[in-house]
Amino acid sequence: DVRVAAGGVSEGNFMGMCAVGNKIFAAPFCAEKMLVYDTDTGLATGVDVRVAAGDVSEGKFCAMCAVGNKIFAAPQCAKKMLVYDTDTGKATGVGVGKGDDKFASICTLGGKIATASLCELEAHLTKKREAITVKTQSRIGEVQARIRQLEEDVRRIEEAGESERKQLEETWKPFLEEARSAQRASSEELGVSAKYLLEDF
């Protein structure tokens with residue numbers, strides 16, 4: 001049960017987790033407090049984060065990481081970055097900029113904290129999407145042009161085929177007429193109706 005940290009919030013409580021020792025920490029996104037879960041005792045508790053979140057109720061923190069015995073939560077709309085000392089149980093806030101949509105993620109490398117700007121990430125993703133769209137549209141244009149070329153080739157082949165068929169008909173027409181006349185005469189001598197003969201030709 002995470003209500004000890006979520007409070008009265010029912011959706012979007014936490015975003016991002018990390019662990020220090022036997023405890024798991026969840027960054028409060030819309031939840032009222034940071035969730036702390038002791039894997040040994042199975043006990044869940046909540047840590048007040050207003051020292052960093054300020055009066056923000058939604059979109060407080062979006063990611064977490066740990067360096068040594070300290071937890072760091074990247075502020076999305078929170079006023080400051082959350083720093084929690086797992087040894088003392090004390091939470092503090094570090095100013096890292098103003099406005100909403102500050103950061104999208106956080107990580108640690110060599111004892112240092114690095115965060116990714118949400119606005120820069122969105123701009124990068126937008127640029128990538130635009131590049132993909134342009135490339136896709138170009139490819140679609142190439143395919144459509146090829147389809148039109150194939151349709152034109154088919155039309156020319158069909159026209160050439162029709163022309164050749166008519167030419168063959170004109171070439172063979174005298175011979176067919178002569179064959180029909182001869183067959184008709186021969187059939188009539190045998191008493192067979194001529195209209196059933198050579199009609200397919």
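Values in this document were obtained by computation on a predicted structure and should not be read as measured data.
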Between Lys60 and Ala31 (side chain of the first, backbone of the second, donor and acceptor by atom type, cut-off under 3.5 Å), is there such a pair? yes
Any ion pair linking Arg156 and Glu152 (charged N to carboxylate O, less than 4.0 Å)? yes
Between Arg139 and Glu142, does any side-chain N to carboxylate O distance fall below 4.0 Å? yes
Same cluster (ILVMFWY, side-chain, under 4.5 Å), [X] and [Y]:
X: Val83; Y: Val36; value: no
X: Val47; Y: Phe61; value: yes
X: Val94; Y: Val51; value: no
X: Val67; Y: Phe25; value: no

Can you see which heavy atom on Gly59 is nearest to which on Cys30, and at what distance? N-SG, 4.0 Å
Of the non-hydrogen atoms in Lys79 and Val56, which two are nearest, and what is the gap between them? CE-CG2, 4.1 Å
Begin from the C-alpha positions of Glu151 and Arg155 and carry the test salt bridge (Lys or Arg N to Asp or Glu O under 4.0 Å) through to its verdict. CA-CA 6 Å; Glu151 290 175 342; Arg155 184 186 65 78; over 6 Å; no
I need the [X] [atom1] to [Y] [atom2] distance, nearest 0.5 Å.
X: Asn69; Y: Thr88; atom1: CG; atom2: OG1; answer: 7.5 Å
X: Cys18; Y: Ile24; atom1: SG; atom2: CD1; answer: 9.5 Å
X: Cys62; Y: Phe14; atom1: SG; atom2: CZ; answer: 15.0 Å
X: Lys128; Y: Ile132; atom1: NZ; atom2: CD1; answer: 6.0 Å
X: Glu32; Y: Asn13; atom1: CD; atom2: CG; answer: 9.5 Å
X: Asp55; Y: Arg50; atom1: CG; atom2: CZ; answer: 11.0 Å

May I ask you to check whether over 12 heavy atoms, not counting those of Glu58, lie within 6.0 Å of atom CD? no
Heavy-atom distance under 4.5 Å between the side chains of Pro75 and Met81, does that happen here? yes
For Tyr37, which residues count as a ring pair (Phe, Tyr, Trp, His ring centres under 6.0 Å) partner, sequence neighbours excluded? none
Given Lys23 and Thr86, is the side-chain contact (heavy atoms from CB on, under 4.5 Å) satisfied, shown in steps? CA-CA 9 Å; Lys23 292 182 179 179; Thr86 60; over 6 Å; no
